[in-house]
Visitor: 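Sharing a structure with you now.
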Amino acid sequence: MHNGWRLVTDLGLGVLRAHGADARAFLQGQLSNDATAVRGGQLQLSGYHTPQGRVIALLHLTAVAPDDLLAILPAELVPVVVARLSRYVLRAKVRLSDDSTQWRIQGYRGPAPQVPGGALSLPYGSARHLVLIPQSDPAEADAAATGSREDWLACDIAEGLPQVYLATSEAFVAQMLNLDLVGGIALDKGCYTGQEIIARAHYRGQVKRRMQRFVSEQPCDLKSGQSGILSDGRSFKVVAASALADGRCEFLAVTNSAPGSDAEAGEARARVAARQLALPYEMPAPRP
């Protein structure tokens, strides 16, 4: 990891494009946030869910025109989401495409960078920017100190920002990933896929497992989707993990809020000694 980095050029992200007169209305009926509120120069976090409320993918949306929206998500999930959403287009005037090859996606930490004409600079997290540069623009060397995808991920973990990959697609319901705490759900919008389950969990307080932040006490190698048992007996599933310089691991994982054994009998899972860290947002108090 590089503490002094300013630029990451390989984020492993891709771009889904929704274009057409019905683009916003179509996405409004599919995603957990308010697609009608998506604006240029901004990113809106939204979840795409199964009817059972499980998160297929997380999308960061922006607009390049009123009827032309871009969604940024892990490149490995773009074709999956395009294929699934396309099943429901029917007569809607919207075209969905994988436009990942049309853009170079870079991540910056710190002040907003100077970008070439035609590029999009979009605020991300607390002090970062995602920059989308059309592939047609000539590539120019950036003198900024470069970091790695691991460095970018470490910032996501510190800020408690979830991500979903192929390994964790459909593994969690929305509130397990704290989407309601990081602005990924609009509870006052109309119906969308998975809305009934998500709304029920919110109003009835039925979410007992949530994403929390940890650092391991000993060197270990954790990956997204890996399951294990914490030293206090709680089972967990990794959302994202980043290796520290000394071999330990800082990670986001979904688990119970209170210590106590909740592993099923006979489970063979790795035990991980880890210390829980604070998140930069307040977790809701568990309801009785």
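The first residue in the sequence is number 1, and the count goes up from there.
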Visitor: Could you grab the distance from atom CD1 of Ile157 to atom OG of Ser242, nearest 0.5 Å is fine?
Guide: 5.0 Å

Visitor: Applying side-chain hydrogen bond (donor to acceptor under 3.5 Å, both in side chains), can you list everything that pairs with Ser86, at least two apart in sequence or on another chain?
Guide: none

Visitor: Please enumerate all residues that pass side-chain contact (heavy atoms from CB on, under 4.5 Å) together with Asp10, with sequence neighbours excluded.
Guide: Arg149

Visitor: Which pair of non-hydrogen atoms, one from Met211 and one from Pro162, has the smallest distance, and what is that distance?
Guide: SD-CB, 3.8 Å

Visitor: Nearest heavy-atom pair of Ala201 and Val207: which atoms, and what distance?
Guide: CB-CG2, 3.6 Å

Visitor: Taking side-chain hydrogen bond (donor to acceptor under 3.5 Å, both in side chains) as the definition, give me every residue that meets it alongside Thr9, ordered by chain and number, with sequence neighbours left out.
Guide: none

Visitor: Suppose we screen for ring pair (Phe, Tyr, Trp, His ring centres under 6.0 Å). Which residues come up paired with His19, at least two apart in sequence or across chains?
Guide: none

Visitor: Does the side chain of Ser227 reach to within under 4.5 Å of the side chain of Phe236, using non-hydrogen atoms?
Guide: no

Visitor: Restricting to side-chain hydrogen bond (donor to acceptor under 3.5 Å, both in side chains), what partner residues turn up for Tyr88, sequence neighbours left out?
Guide: none

Visitor: Looking at residues at least two apart in the chain, or sitting in another chain, which of them share a ring pair (Phe, Tyr, Trp, His ring centres under 6.0 Å) with Phe172?
Guide: none

Visitor: Any donor-acceptor pair under 3.5 Å linking the side-chain atoms of Arg200 with those of Gln195?
Guide: no

Visitor: In the hydrophobic clustering that connects Ile, Leu, Val, Met, Phe, Trp and Tyr at side-chain heavy-atom distances below 4.5 Å, which members other than Val115 occupy its cluster, ordered by chain and number?
Guide: Leu7, Tyr108, Val131, Ile133

Visitor: Look only at the side chain of Ser32 and the backbone of Gly47, and say whether a donor-acceptor pair between them is shorter than 3.5 Å.
Guide: yes

Visitor: Just list the side-chain donor-acceptor pairs under 3.5 Å for residues 181-189, sequence neighbours left out, or say none.
Guide:
unit_1: Lys189; atom_1: NZ; unit_2: Gln28; atom_2: O; d: 2.7
unit_1: Lys189; atom_1: NZ; unit_2: Leu31; atom_2: O; d: 2.5
unit_1: Lys189; atom_1: NZ; unit_2: Asn33; atom_2: O; d: 2.8

Visitor: Under the rule for side-chain contact (heavy atoms from CB on, under 4.5 Å), what residues qualify as partners of Gln135, not counting sequence neighbours?
Guide: Arg104

Visitor: Which residues satisfy the salt bridge (Lys or Arg N to Asp or Glu O under 4.0 Å) test with Lys93, sequence neighbours excluded?
Guide: none

Visitor: Looking at OG1 of Thr168 and CG of Leu177, how far apart are the two atoms once the value is rounded to the nearest 0.5 Å?
Guide: 7.5 Å

Visitor: Using the test side-chain hydrogen bond (donor to acceptor under 3.5 Å, both in side chains), find all partners of Arg39 that sit at least two apart in sequence or belong to another chain.
Guide: none

Visitor: Go through the structure and list residues passing salt bridge (Lys or Arg N to Asp or Glu O under 4.0 Å) with Asp67, not counting sequence neighbours.
Guide: none

